[in-house]
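Naming convention: chains lettered A, B, ... in sequence-line order (proteins, then strands); numbering from 1 in each chain.
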Amino acid sequence: MSVLVFIEISEGTVKKTSLEAVSYASGIDSAVTAIAFGQADEAALQSAGAAGATKILHVSDAKYNEGNIQAYASAIAKAAANESADTVVLANSSLGDPVAARLAIKMNASLASQVVELPDTSNGFTVKRSIYTGKAFAHVDLTEGKRVIGIKKNAASIKEDGGTATIEAFTPDDQAGDFKVKILSQEKATGDVLLPEAEIVVSGGRGLKGPENWGMIEDLAKTLGAATACSKPVSDMDWRPHHEHVGQTGIKVAPSLYIAVGISGAIQHLAGVNASKVIVVINKDEEAPFFKAADYGIVGDAFEVVPKLTEALKAINS
Amino acid sequence: MKILVCITHVPDTTSKIAFTDNNTQFDKTGVQYIIGPYDDYALARAVELKEQSSGTITVINVGEAETEPTLRKALAIGADDAIRVNAAPKDSFFVANQIAAIAKEGNYDLIMMGRESIDFNSGVVHGMVAELLGIPCLSPVMTLDIDGTTAKMTREIEGGKESLEAELPLVLGCQEPIAEWKIPNMRGIMTARSKPLHVVEPSDDSARTKLNNYELPAAKGAVKMIDANNVSELVDLLKNEAKVI
Ligand SMILES: Cc1cc2nc3c(=O)[nH]c(=O)nc-3n(C[C@H](O)[C@H](O)[C@H](O)COP(=O)(O)OP(=O)(O)OC[C@H]3O[C@@H](n4cnc5c(N)ncnc54)[C@H](O)[C@@H]3O)c2cc1C
């Protein structure tokens with residue numbers, strides 16, 4: 001068995017969820033090849049070595065910098081064939097998922113997405129995956145000889161004791177149809193912690209009354225090195241950008257710590273945050289349903305509690 | 001313009017998820033079924049596009065007879081006709097294969113669906129359909145405008161969005177704010193009864209995964225309440241008990 005991992009580069013570094021995918025793959029087989037597209041220096045790529053990759057294929061052709069779904073799928077299929085890899089692992093993301101779909105067809109492979117732990121290979125190849133937006137799991141047999149596995153955040157912890165990987169330049173075959181979609185521009189919040197990757201998330205709801213009150217949420221987030229998020233009505237009303245909306249119809253997050261401020265805890269909101277390890281709820285209504293899903297709760301006015309919490313955190317940091 | 005909108009028939013977002021038969025069957029007791037919320041966005045945008053120019057909207061579902069009320073609802077919202085591929089969906093590949101076969105016959109300019117279903121959340125059927133047809137697919141698409149044979153779109157990426165342009169035909173996985181959900185009106189509901197709903201048999205029976213059984217997550221422990229005047233206690237608990245900061 002040989003495993004290939006698609007790793008995503010963001011701002012010159014390998015994304016954390018991709019490092020999890022590498023470490024996940026090294027739990028399946030000791031020989032793990034990673035494939036990366038875009039600008040990253042050797043030191044950055046070697047973070048995948050530390051996570052368990054033995055070889056890294058690097059596509060540095062600038063044409064591949066932007067996340068071209070079809071071109072990536074073709075390149076990964078070629079790399080899988082070259083490496084005789086029967087399993088491709090990647091992290092679920094807005095790039096990983098569409099690439100996985102096309103790749104599974106190209107490879108005639110079984111596909112599993114939202115996988116939460118290492119496969120059981122005692123009798124075939126069975127994965128445990130999240131379904132019903134985190135409300136249940138399914139155990140699924142991947143019946144084909146080849147497989148594509150999309151893993152959910154926290155499916156594996158990142159190893160740091162791997163070795164140094166050999167890095168090879170990789171040249172995909174350009175398929176005529178692969179660059180038909182023109183990417184005109186990309187807008188990305190730079191420097192901020194990416195929400196799907198964040199270890200701590202501070203999230204605000206309609207209880208914050210208006211966009212002008214997000215300063216205290218940002219202060220708290222900054223103090224914790226956290227990403228900011230929001231409930232659906234908040235992004236619907238344009239108080240916050242859409243990519244911060246978590247829940248059933250938004251981003252699904254799985255941080256170690258999720259702090260919900262002025263969010264009632266509707267079942268659709270919980271669906272996007274129920275994979276968090278620890279949930280803190282701050283709400284002025286002691287009957288708010290979110291308290292039932294929380295580990296720690298404070299009944300109180302956000303406008304008083306949040307600044308106090310930020311102060312208390314600053315105090316222990318200094 | 002010919003648009004095909006793929007509709008999932010899924011438990012309402014407030015449903016209690018439970019299983020029977022030794023965790024091998026989904027428990028449908030008391031569960032209300034709806035059009036997948038993301039598919040509902042796709043359908044709403046398709047109806048707007050049709051209103052702006054002209055064309056037809058066909059909705060498709062791969063499912064057994066129980067899904068027909070969901071397809072009728074899609075007809076009430078504004079689709080012209082419906083196709084039900086008469087089979088219990090086995091996995092993403094199985095479903096994608098059926099949709100691709102219908103799409104090939106129908107020569108659609110746009111194949112739209114939700115970014116993911118809310119039962120299995122895989123978010124891969126659109127990509128598979130596109131690969132089977134050899135055309136581009138974009139997801140999750142947040143805005144869509146058609147200018148002649150060119151589609152202009154924005155797609156959500158981590159921490160932001162990108163603007164894209166591609167020629168039709170295309171497959172799109174949609175999410176808000178592409179359009180607002182449409183609630184069927186009385187006239188829509190009346191006319192939906194007489195709109196055609198074709199039932200066809202699956203073109204290919206193969207699947208590439210097999211579901212063994214389900215599992216529910218472990219129950220959460222009780223919440224620990226902290227006094228609003230004592231936030232340093234929360235900081236202490238997060239640091240020393242939960243060890244997350
Ligand atoms: C199909 C479907 C999909 C959906 N998908 C999502 C989704 O993905 N994500 C999502 O979030 N929602 C989703 N929703 C909407 C969801 O049902 C709720 O309406 C929404 O989550 C409520 O947002 P909220 O908690 O911010 O607002 P509210 O429910 O209005 O809650 C505001 C809370 O703030 C508290 N509050 C008010 N003032 C203060 C104060 N000064 N200090 C502290 N607390 C205060 C109130 O007590 C209240 O609990 C979906 C709904 C449907 C039907």
Under a 4.5 Å heavy-atom cut-off, does chain A meet the side chain of B:L170, its backbone, both or neither?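 For B:L170, neither part sits under 4.5 Å from chain A.
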Assess, by modelled atom type and distance only, whether the side chains of A:Y296 and B:E241 contain a donor and an acceptor separated by less than 3.5 Å.
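There is such a pair between these side chains.
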Of the listed B:V10, B:V125, B:T209, the one with the largest count of heavy-atom pairs under 4.5 Å with chain A is B:T209
Ranked by heavy-atom pairs below 4.5 Å to chain A, first place among B:L216, B:N230, B:L234 goes to B:L234
Heavy-atom proximity to chain B below 4.5 Å, by part of [X]:
X      : value
A:S276 : backbone
A:L194 : side chain
A:K232 : side chain
A:P196 : side chain
A:A227 : neither

Residues pairing under side-chain hydrogen bond (donor to acceptor under 3.5 Å, both in side chains) where one sits in residues 16-25 of chain B, two or more places apart or in two chains, turn out to be none
Test side-chain hydrogen bond (donor to acceptor under 3.5 Å, both in side chains), reference B:E156, set A:H242, A:H245, A:H243, output is A:H242
Taking a cut-off of under 4.5 angstrom between non-hydrogen atoms, the residues of residues 33-48 of chain B near chain A are B:P37, B:Y38, B:Y41
